[in-house]
Amino acid sequence: MNPRVRFSPSPTGQLHIGGARTALFNYLFSKHHQGKFLVRIEDTDLERSKKEFTDQICESLNWLGLEWDEELVYQSQRIKLYHEAISVLLKSGNAYQCFASKEELNKIREDTGSYLYPGLWRNKDQKNVALEIQKGTPFTIRLKTPETGETSFDDLIYGSITVSHSEIDDFIIARSDGSPVYNLTNVVDDYDMSISHIIRGEDHIANTPKQILIYKALCWTVPIFAHLPMILGQDKKRLSKRHGATGVQTYRDEGYQSEALLNYLSLLGWNPGTEEEIMSLSKIIDQFDLLKVHKKSAVFDDKKLNWISGQHLGMQANEDILIRIRLIKPNWGKTESNDFCLSVINLMKGRSKSLLDLIENSVYYFQDPTEFNEKVLRKTWKDDTSNIVESVHSILDSMEIWNAELLEDTLKDFMESNELGFGKVMKPVRLAICGRVNGPSLFLIMELIGQSTCIRRINKAIGTF
RNA sequence: GGUCCGUUCGUCUAGUGGUUAGGACUCCAGGUUUUCAUCCUGGCAACAGGAGUUCGAUUCUCCUACGGACUACCA
């Protein structure tokens, strides 16, 4: 099987987590089966579609690494195709012009309580139609849907779904300005692009029977459908802007890496059937099976994303992390050598959740600390501390070889011979050097940032506190 | 309101007509660590409810409740 699938965002906003998941599952399915992954921009809503969003969506997809295999398709450039389909439908009697106004329809809806179009112009004779056209009355074009029977399809994920035709009205396929509507353009494009599997959000299930009716009216083969469960926010409501960080770019800017985000997303509604959770994209592609995707929607959990992100970071090569950091902070660590930066990364990657997390917690490797937490300071720097640190200072000052091992031996000797506890000595020293009381092994930090820097910072602390 | 869909720890999930219902995240406790984080060990925590089928249902069927999607001249 060499499926052709597509991700079809509408450029009315940036790519969000839900869209990214849809794109990902399309991508995974196509790559698992050596198929093609395409992207189509659904920009037929002229009022809301914006070029900047198209750019933003593409940028996000690129960042995620979900590259499409053929040229981008823009619906706005294929109007002719839609008009051809509409005219075929009109000619074959599968569609008709409807001259009812919005007001008229709204009134009927209010009166009857039914939202279904009652077929006002379904069987009007040519005379009436000609008269309205002569008058210049605006008209929409509706599909003439069957009145009896039902439409059903086998969803790869949801199984068999059946809807009675009595629930499907003669819906609009072209607006009064002549422009085609989503259900029509979608079908025309999927057919034209030879899409074999339509993988999209569960919110499209209700559209599917309508689209199938269009396929049939056009005598086209109906593709295979697979609807993905929704991703919800913590409040179990569908993910949207009010849930804060839902844009893919926000995650990028917060220092998450695409592999981690993709890994987490892949585990929402799917799992490989093993207990493995940390996986590379190629491993996920390898394991992926659309048939094992759930029907149940999943809640997006930042905590687990953080964990997965941290796991990826911890396993990643230092060089690679440096490249990624420079992508979001081009000047990071530029005051020091590459080796120095790599050492910082090596010390910090195991304890960081994201690139940004790593960056923010590594400031003291590059700059003398300037801000000290008042409470921590009071707890750490006691009356006799300055004297102790003074002694440490002179020991450090006299050292001729500077490495972690020697530092540890020397300072331990000092503590033992003076019967001082580790915390009493090393905590204030750490505070002086790092501006905080936690972090990796202080001896390793001291070795890395060097003798003169350590002494300068300790000096400053003694003078200040 | 109508149509469609869903329901295993707080969250992501595994699983079976008979299991101590398993794992992961979070949280808590202990250990390791100069500190914090990591790491290791342990712990808390779930089959929505009610009928039915059955010797036996979390698992099969139905009903109810709850949740969601759709119900546009948006996509």
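From a predicted model like this one, the values you see are computed outputs, not experimental measurements.
Using a 4.0 Å heavy-atom criterion, one finds that A/G201 contacts no nucleic acid atom at all. A/P209 comes within 4.0 angstrom of nothing in the nucleic acid, heavy atoms only. Among the heavy atoms of the strands lying under 4.0 Å from A/L267 are primed sugar atoms or P, OP1, OP2 only; no base atom is included. As judged by a 4.0 angstrom heavy-atom cut-off over every strand, A/D177 is placed among residues making no nucleic acid contact.
Ring pair A/F37/A/W68: centre-to-centre distance not below 6.0 Å.
For the residue pair A/T112/A/S114, the side-chain donor-acceptor check at 3.5 Å is not satisfied.
At the phosphate of B/A14, OP1 or OP2 sits under 4.0 Å from a side-chain N or O atom of A/N271. One finds a side-chain N or O of A/Q311 lying less than 4.0 angstrom from the OP1 or OP2 phosphate oxygen of B/C39.
In terms of polar N and O atoms assigned as donor or acceptor, the side chain of A/D203 never comes within less than 3.5 Å of the base of B/A75 in a complementary pairing. For A/R351 against B/C36, a side-chain-to-base donor-acceptor contact under 3.5 Å is present.
At a non-hydrogen distance threshold of 4.0 Å, A/K102, A/R109 from residues 102-114 of chain A come into contact with RNA chain B.
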Output one letter per nucleotide in nucleotides 25-33 of chain B: B when a protein non-hydrogen atom lies under 4.0 Å from the base, S when only the sugar-phosphate is that close, - when neither is. SS-------

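Computed from coordinates, the A/W270 CH2 to B/A24 P distance equals 18 Å when rounded to whole Å.
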What N/O pairs connect the protein and nucleotides 5-8 of chain B at under 3.5 Å? Give each pair on its own line.
| unit_1 | atom_1 | unit_2 | atom_2 | d |
| --- | --- | --- | --- | --- |
| B/U8 | OP1 | A/K296 | NZ | 3.1 |
| B/U8 | OP2 | A/K296 | NZ | 2.9 |

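Distance OG1/A/T22 to CD1/A/I17: 11.0 Å, rounded to 0.5 Å.
Put simply, the residue from A/D189, A/T44, A/T185 that forms a side chain to side chain donor-acceptor pair (under 3.5 Å) with A/Y82 is A/D189.
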